[in-house]
Amino acid sequence: VQAKAYLSDTQAASNDVAQDLVSLNSGRKLYNEAIEKIDQREYELAESLLKQSIQQDPSNPYAYEALGDVSSLNQKLREAETYYRKAYGLKADERIKEKLEKLLREKQVDESQQEYMDEHFIIRYRRGESLEGSQIRDDLREAYRSISQEFGYYPSYKIPVILYERSEYQRVSKSPQ
């Protein structure tokens, strides 16, 4: 009777390990697919795949880092911070730390900015400045039109445009004065 119980427990443990491996492999496969979508600039699909990957394999710091990258590109800075912190908690990597620190500097500037959503752009600019009828917005639209026509490529995502004052840019990018 004891031997039978032992075999039953051993089989159950073996099934759990096998299930964990399947889940881990599935999570890594979804992560790799997501990276391909990021390379193709299909950010919404990449985000969905990365979230599925994390459900399958919550121990993958690279999936959290990639989600942070996608969130940052989409100007979802709070989400990006959460993902970068999770990635850094799983793997204390210098690259992730640098991304998190840059994001935190961006968030400081972001507090003084407002956002204008255009058909092709997410435009962030200093609070209190008017963007309606702005020459910058018109120039961006014209550049988008002419470049898209010339290359025959029309991005399926909104392009973030952040207008910094020189001192803000230097603080965020750590560039010399």
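Computed from heavy atoms alone, side chains included, the values below leave out hydrogens, waters and symmetry copies.
Within a 6.0 Å sphere centred on CD of Gln149, other residues, nucleotides and ligands contribute more than 12 heavy atoms. Heavy atoms of other residues, nucleotides or ligands lying less than 6.0 angstrom from CZ of Arg41 number 12 at most. More than 12 heavy atoms of other residues, nucleotides or ligands sit less than 6.0 Å from atom NZ of Lys107.
Atom CZ of residue Arg95 and atom NZ of residue Lys91 lie 7.0 Å apart, to the nearest 0.5 angstrom. Here CD of Gln114 is found 11.5 Å from CD1 of Ile123. Values are rounded to the nearest 0.5 Å. Taken to the nearest 0.5 Å, the OG atom of Ser59 stands 5.5 Å off from the CZ atom of Arg28. A distance of 12.0 Å separates CD1 in Ile96 from CD in Glu101, rounded to the nearest 0.5 Å. Taking CD of Glu36 as the start and CD of Gln40 as the end, the distance is 6.5 Å to the nearest 0.5 Å. Between atom OG of residue Ser71 and atom NZ of residue Lys76 there is a gap of 6.0 Å, rounded to the nearest 0.5 Å.
Taken together through direct or relayed side-chain contacts under 4.5 Å among Ile, Leu, Val, Met, Phe, Trp and Tyr, Tyr62 and Ile54 form part of one hydrophobic cluster. Hydrophobic clustering (side-chain heavy atoms under 4.5 Å, transitive across Ile, Leu, Val, Met, Phe, Trp, Tyr) groups Ile38 together with Tyr153. Placement of Leu73 and Ile35 within a single hydrophobic cluster is found when ILVMFWY residues are connected by side-chain heavy-atom separations under 4.5 Å, directly or transitively. Linking ILVMFWY residues whenever their side-chain heavy atoms come closer than 4.5 Å, directly or via other members, leaves Ile136 and Ile162 in distinct clusters.
Between Leu30 and Gln56, the closest side-chain pair of non-hydrogen atoms falls below 4.5 Å. Side-chain contact between Leu67 and Lys86: absent, with no pair of heavy atoms (C-beta onward) separated by less than 4.5 Å. For the pair Glu165 and Gln170, the minimum side-chain heavy-atom distance is 4.5 Å or more. Under the 4.5 Å side-chain criterion, counting only non-hydrogen atoms from C-beta, Arg124 is not in contact with Val161. Inter-residue side-chain proximity for Leu140 and Asp118 is flagged as unmet; no heavy-atom pair is nearer than 4.5 Å.
No hydrogens or angles considered: nothing links the side chains of Tyr83 and Asp69 as a donor-acceptor pair under 3.5 Å. Between the side chains of Ser48 and Gln52, at least one donor N or O lies within less than 3.5 Å of an accepting N or O. Asp139 and Gln135 share a side-chain donor-acceptor pair at under 3.5 Å.
Using modelled atom types, no side-chain atom of Asp110 and backbone atom of Glu106 make a donor-acceptor pair closer than 3.5 Å. Side-chain atoms of Ser148 come within 3.5 Å of backbone N or O of Tyr144 as a donor-acceptor pair. With hydrogens and angles ignored, the 3.5 Å screen pairs no side-chain donor or acceptor of Arg171 with any backbone N or O of Arg105.
Pro58 and Tyr64 make their closest contact through O-CE1, 3.4 Å (heavy atoms, listed as atom of the first residue, atom of the second, distance). Residues Glu81 and Leu100 come closest through the heavy atom pair CG-CD1, 4.0 Å. The two residues Asn60 and Leu90 have their closest heavy-atom pair at C-CD1, 4.2 Å. Between Tyr84 and Glu65 the shortest heavy-atom distance is CE2-O, 3.5 Å. Of all non-hydrogen atoms in Pro61 and Ala87, the two that sit nearest each other are O-CB, 3.4 Å. Of all heavy-atom pairs spanning Ser72 and Leu103, the tightest one is OG-CD1, 4.2 Å.
Salt-bridge check for Glu142 with Arg145: passed, with a basic side-chain N closer than 4.0 Å to an acidic carboxylate O. Contact check on Arg126 versus Glu168 returns a salt bridge, with a Lys/Arg side-chain nitrogen under 4.0 Å from an Asp/Glu carboxylate oxygen. Ion pairing between a basic and an acidic side chain is recognised when a charged N comes within 4.0 Å of a carboxylate O; Lys37 and Glu44 show no such pairing.
With sequence neighbours excluded, no residue forms a ring-ring contact (aromatic ring centres under 6.0 Å, His included) with Tyr31.
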Exercise for the section: Any chance you could lay out the salt bridge (charged side-chain N to carboxylate O under 4.0 Å, His left out) test for Glu47 and Lys51, step after step, and finish with the verdict? Expected result: CA-CA 6 Å; Glu47 181 178 15; Lys51 287 179 178 178; 3.4 Å; yes
Practice task
Start with the C-alpha distance between Ile122 and Ile159, add both sets of side-chain angles, then the distance that settles side-chain contact (heavy atoms from CB on, under 4.5 Å), and finish with yes or no.
Solution key: CA-CA 6 Å; Ile122 301 170; Ile159 301 166; over 6 Å; no
Exercise for the section: Go through Tyr88 and Lys99 one step at a time and tell me if the side chain to side chain donor-acceptor pair (under 3.5 Å) criterion holds. Expected result: CA-CA 10 Å; Tyr88 190 74; Lys99 287 181 181 185; over 6 Å; no
Practice task
Please lay out, stage by stage, how Gln113 and Val109 fare under the test side-chain contact (heavy atoms from CB on, under 4.5 Å).
Solution key: CA-CA 7 Å; Gln113 293 189 324; Val109 173; 4.0 Å; yes
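A cation-pi arrangement, defined by a distance under 6.0 Å to the six-membered ring centre and an angle within 45 degrees of its axis, is absent between Lys158 and Phe121.
The aromatic rings of Tyr157 and Tyr43 sit perpendicular to each other, their planes meeting at more than 60°, with 30° as the lower class boundary.
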